[in-house]
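Encoded as structure tokens, the structure appears first; notes follow it.
Keep in mind the model is a prediction, meaning the values are calculated, not measured. For ligands, and for the atoms within them, numbers begin at 1 and follow the listed sequence.
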Amino acid sequence: MNKVFVYGTLKRGGGLHHYLSGAEFVGAGFLAGFDMFNLGWFPGIVKRSESQDHELNPVMGEVFLVDDETLKLLDEVESAPSLYKREELCLTVIEPGLVSTTHKCWTYIYNSRVHEVNRKYDLIESGSFPVRSESFP
Ligand code: PCA
């Protein structure tokens with residue numbers, strides 16, 4: 001099984017979450033060192049340069065267990081490796097019961113240079129991309 005960290009439309013309540021409907025939820029994920037940008041109806045994350053403030057919010061999302069077939073399907077849905085690059089990153093996961101652990105998870109990183117993204121798109125400072133279920137409870 002593979003662990004995948006999702007922070008945008010693949011989250012519960014998000015427009016593409018149905019691709020994960022059969023996947024087991026592991027916990028809430030927190031990824032440090034990345035900035036999130038609003039690219040329209042979906043977000044993208046890019047690595048923050050070392051010199052930047054580390055007090056900024058982490059990227060917040062959800063971690064799921066997926067089989068190889070589902071991971072392949074997610075690559076297609078996310079246009080990886082062209083629009084996003086799938087990378088394995090270490091992040092903090094808070095599991096139900098408030099157990100906090102570090103997990104290595106597959107994550108879709110936006111495939112663009114930081115400065116190009118900075119110029120065109122809005123930074124999501126909260127680190128949390130709003131999905132439908134959160135906007136319209
Ligand atoms: N879908 C992927 C990457 C960004 C997006 O909207 C995700 O939810 O993690």
With rounding to the nearest 0.5 Å, note down the distance linking CD1 in Ile45 to CG in Leu39.
11.0 Å
Check Tyr7, Phe25, Trp106 against Phe64 for a ring pair (Phe, Tyr, Trp, His ring centres under 6.0 Å) and give me the one that passes.
Phe25
Has the side chain of Asn2 got a donor or acceptor atom that lies under 3.5 Å from a matching backbone atom of Val66?
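A pair under 3.5 Å: yes.
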With heavy-atom distances below 4.0 Å as the criterion, list the atoms of ligand 1 near [X].
X	answer
Phe42	6 (O)
Thr9	1 (N), 5 (C), 6 (O), 8 (O)
Glu78	1 (N), 2 (C), 3 (C), 5 (C)
Pro43	4 (C), 5 (C), 6 (O)

Atom 9 (O) of ligand 1: the protein heavy-atom neighbour that sits closest, reported with distance to 0.1 Å:
Tyr7 N, 3.0 Å
Does ligand 1 come near enough to [X] that some N or O of the ligand is less than 3.5 Å from an N or O of the residue?
X	value
Tyr84	no
Val6	no
Gly8	yes
Lys11	no

Is ligand 1 under 4.0 Å from a heavy atom in the side chain of Phe129, in the backbone, in both, or in neither?
neither
Counting only heavy atoms not in Glu24 (residues, nucleotides, ligands), do more than 12 fall under 6.0 Å from its CD?
no
With side-chain hydrogen bond (donor to acceptor under 3.5 Å, both in side chains) as the criterion, how do Asp75 and Tyr108 come out once you've worked through the C-alpha distance, each side chain's angles and the decisive distance to 0.1 Å?
CA-CA 9 Å; Asp75 282 351; Tyr108 291 96; 2.7 Å; yes
Using the rule given for side chain to side chain contact (heavy atoms under 4.5 Å, CB included), can you reason through Thr9 versus Glu78, listing the C-alpha separation, both sets of side-chain angles and the distance that settles it, and then say yes or no?
CA-CA 10 Å; Thr9 53; Glu78 297 299 332; 4.2 Å; yes
Test side chain to side chain contact (heavy atoms under 4.5 Å, CB included) applied to His17 and Val131, step by step:
CA-CA 10 Å; His17 180 71; Val131 290; over 6 Å; no
